[in-house]
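First comes the structure, then the notes that go with it.
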There are 2 protein chains.
Amino acid sequence: MTLEYAILGLLSWQPFSGYDLKRIFEDSPVYHWSGNNNQIYRTLVNLHNEGLVERDIQQQESLPARKVYSLTPQGHNALRHWLNSTPSLPLRKHEFLIQLGWADQLSSAELDSLLSNYEDEVFALGLLVQASVKNPQLHPARTMRENLLWDSIAENWSGYYQYELEWVRNLRRQLQTLEV
Amino acid sequence: MTLEYAILGLLSWQPFSGYDLKRIFEDSPVYHWSGNNNQIYRTLVNLHNEGLVERDIQQQESLPARKVYSLTPQGHNALRHWLNSTPSLPLRKHEFLIQLGWADQLSSAELDSLLSNYEDEVFALGLLVQASVKNPQLHPARTMRENLLWDSIAENWSGYYQYELEWVRNLRRQLQTLEV
DNA sequence: CAGATCATGTAACTGGTTACATGATTCA
DNA sequence: TGAATCATGTAACCAGTTACATGATCTG
């Protein structure tokens, strides 16, 4: 389960509550794929049962208690083991390309509006991603090497949206020359 | 449900059996995300219940009957409606980038071996993708415009793996210069 | 006064994976 | 003789989404 390790990673940096984690997952495209409580809170309970994290309950007046989690030595081990395991390849679910595959049924106006919508959305998301991925609150930079790694992660994400944007612009241009 | 429309799309091209579809989904990165029977066979039953496809049962001697599905007029309508609906953005689940985010805990030998593994796998998959995405059996080319669309889909996929490959090579180079 | 933020959590669901089961035929 | 291909399907499970519930405090 990826989410488990994603959480272990973050906790190896600093202790967080479920709520903190939820916000990080929501805000960062790196952790894009789950920003929902249900899974996060349940995963924390599991990790706790497995002895990989420990929880510190901080009582607050007039707000529910914060449950702050941190790694146990076993948690550190589990993380380190995962870090050395063989990397998994990125998964892309690109629904739009499937849509496009049958879009010859559309008029050229409809098709271009579809592409222009896509272009706008990619552009907008690209800006968001660029902003959030550079947010120093979302990642550590304790050594020069760690800094380089996170820069490279940020570059991978923002570069990806750039790639997608150039691709759609190029396609629109090609379709226009076909039109004439 | 994306799978539903992906199937409607394919059936709008030509009739297929569940087994045919399963193989297409397995072979093509475009439909990467599900090559498993369970869902495909169940989805076909659903589509049939909804009246979007009709089935033609072809008895065979000594082999189970082939159930060949094709679109009904309602199926064509549903597809056309979806084609004109607002495009959805690509989803990337990039587990490796999360792994990398905490990889400063590894020795430089371990880190480089991780990256080199990743590079090899991306390279290999890139070749596969390039081959399968150009396979004319997996897509129609009935008009010049349709041809252009599918070329562009193929380019999006193979270009993506190229992008990922250049990214990892670049990172390895940067890490090496840091080392010295 | 309405809506966001802090902070926890649960219920019901959809989507997707892994593994199993059957059984004939072809190919190395 | 063992593996791959053709062709159907089911059972059990894991992962992820949407929506709900509570209740105080802060901000416009």
Side-chain angles (χ1 to χ4, degrees), chain A residues 1-8 15-50 53 55-69 88-95 98 137, chain B residues 1-8 15-50 53 55-69 88-95 98 137:
Chain A
M1 203 205 198
T2 315
L3 185 59
E4 224 163 272
Y5 291 107
I7 289 177
L8 288 181
F16 287 111
S17 72
Y19 188 74
D20 295 333
L21 291 171
K22 183 192 139 201
R23 303 214 43 193
I24 292 174
F25 278 75
E26 264 167 10
D27 293 355
S28 168
V30 179
Y31 303 104
H32 80 301
W33 86 90
S34 191
N36 91 86
N37 323 3
N38 196 333
Q39 253 185 308
I40 290 173
Y41 284 112
R42 274 193 297 103
T43 302
L44 284 169
V45 170
N46 291 346
L47 289 173
H48 191 243
N49 290 340
E50 290 165 36
V53 301
R55 69 154 65 102
D56 173 33
I57 300 181
Q58 299 174 349
Q59 227 56 49
Q60 307 178 97
E61 26 168 311
S62 81
L63 270 181
R66 260 174 76 83
K67 298 184 181 169
V68 179
Y69 294 87
S88 54
L89 291 160
L91 289 179
R92 252 190 0 152
K93 182 173 179 180
H94 208 320
E95 202 174 320
I98 294 175
Q137 295 231 280
Chain B
M1 203 206 198
T2 315
L3 185 58
E4 225 165 90
Y5 292 107
I7 289 177
L8 288 181
F16 287 111
S17 71
Y19 188 74
D20 295 334
L21 291 171
K22 183 191 139 201
R23 302 212 44 192
I24 292 175
F25 277 73
E26 264 168 10
D27 292 355
S28 168
V30 179
Y31 302 105
H32 81 299
W33 85 90
S34 192
N36 92 85
N37 323 3
N38 196 333
Q39 253 185 308
I40 290 174
Y41 285 112
R42 273 194 296 104
T43 301
L44 284 170
V45 170
N46 291 346
L47 288 172
H48 191 245
N49 290 341
E50 290 165 37
V53 301
R55 68 154 65 101
D56 173 33
I57 299 182
Q58 300 174 348
Q59 227 56 50
Q60 308 178 96
E61 25 169 310
S62 83
L63 270 181
R66 259 174 77 83
K67 298 183 180 169
V68 178
Y69 295 86
S88 54
L89 290 161
L91 290 180
R92 254 193 355 155
K93 183 173 178 180
H94 209 320
E95 202 175 320
I98 293 175
Q137 296 232 282

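Predicted, not measured: the structure shown is a model, and the values here were computed from it. These values consider heavy atoms only, across backbone and side chains, with no hydrogens, waters or symmetry-generated copies. Order of the sequence lines fixes the chain letters, A, B, ..., with proteins taken first and strands second; residue numbering starts at 1 for each chain.
OP1 or OP2 of C/dT8 has at least one side-chain nitrogen or oxygen of A/Tyr41 nearer than 4.0 Å. Dashed line: the shortest gap from a side-chain N or O of B/Gln60 to OP1 or OP2 of D/dC6 is not under 4.0 Å.
Residues A/Pro64 and B/Lys93 both approach DNA chain D. Their nearest nucleotides, taken by heavy-atom distance, put B/Lys93 toward the 5′ side. Residue order along DNA chain C, read from the 5' end via each residue's closest nucleotide, puts A/Val68 first among A/Val68 and A/Asn36. Summary of the strand contacts: A/Gln39 and B/Gly18 both lie near DNA chain D, and taking for each the nucleotide with the nearest heavy atom, the more 5' one is attributed to B/Gly18.
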Just do the side chain to side chain contact (heavy atoms under 4.5 Å, CB included) check on B/Glu50 and B/Glu4 with the steps written out, would you?
CA-CA 11 Å; B/Glu50 290 165 37; B/Glu4 225 165 90; 3.7 Å; yes
Walk me through whether A/Asp20 and A/Arg66 qualify under salt bridge (charged side-chain N to carboxylate O under 4.0 Å, His left out).
CA-CA 10 Å; A/Asp20 295 333; A/Arg66 260 174 76 83; 3.1 Å; yes
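One atom, CD of A/Gln59, and another, P of C/dT8, lie 12 Å apart when rounded to the nearest Å. Following rounding to the nearest Å, B/Tyr19 (OH) and D/dT5 (P) show an atom-to-atom distance of 7 Å. As a whole-Å value, the separation of B/Ile40 CD1 from D/dT8 P is 11 Å. At whole-Å resolution of the value, CZ in A/Arg66 and C1' in C/dG9 are 16 Å apart. Atoms CG (B/Asn37) and P (C/dA21) sit 15 Å apart, rounded to a whole Å. The distance from atom CZ of B/Phe25 to atom P of C/dG16 is 10 Å, rounded to the nearest whole Å. Look at CH2 on B/Trp33: it is 11 Å from C1' on C/dG15, rounded to the nearest Å. For the pair A/Asp20 CG and C/dC6 P, the computed distance is 9 Å after rounding to whole Å.
Qualifying side-chain hydrogen bond (donor to acceptor under 3.5 Å, both in side chains) partners for B/Tyr69, counting only residues two or more places apart in sequence or in other chains: B/Arg55.
Considering B/Leu8, B/Ile7, B/Leu3, B/Thr2 as possible partners of B/Tyr5, the one that fulfils the side chain to side chain contact (heavy atoms under 4.5 Å, CB included) test is B/Leu8.
The aromatic rings of A/Tyr31 and A/Phe25 lie tilted to each other, with the angle between the two planes from 30° to 60°.
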Would you tabulate the side-chain donor-acceptor contacts of residues 39-46 of chain B under 3.5 Å, counting partners in other chains and residues two or more places apart, or write 'none'?
from, atom 1, to, atom 2, distance (Å)
B/Gln39, OE1, B/Ser34, OG, 3.0
B/Gln39, OE1, B/Asn36, ND2, 3.3
B/Arg42, NE, B/Asn38, OD1, 2.9
B/Thr43, OG1, B/Gln39, O, 2.7

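When heavy atoms are screened at a 4.0 angstrom cut-off, B/Lys22 is found touching no nucleic acid atom at all. Heavy atoms of B/Ser17 sit under 4.0 angstrom from primed sugar atoms or phosphate atoms, though from no base atom.
Counting all heavy atoms, side chain and backbone alike, B/Ala65 lies closest to B/Gln60 at C-NE2, 4.3 Å.
Distance from the side chain of A/Lys67 is smallest to C/dG9 among D/dT5, D/dG9, C/dG9.
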Atom pairs under 3.5 Å, N or O on each side, protein against nucleotides 12-14 of chain D: can you list them with distances?
from, atom 1, to, atom 2, distance (Å)
D/dA12, N6, B/Asn38, ND2, 3.4

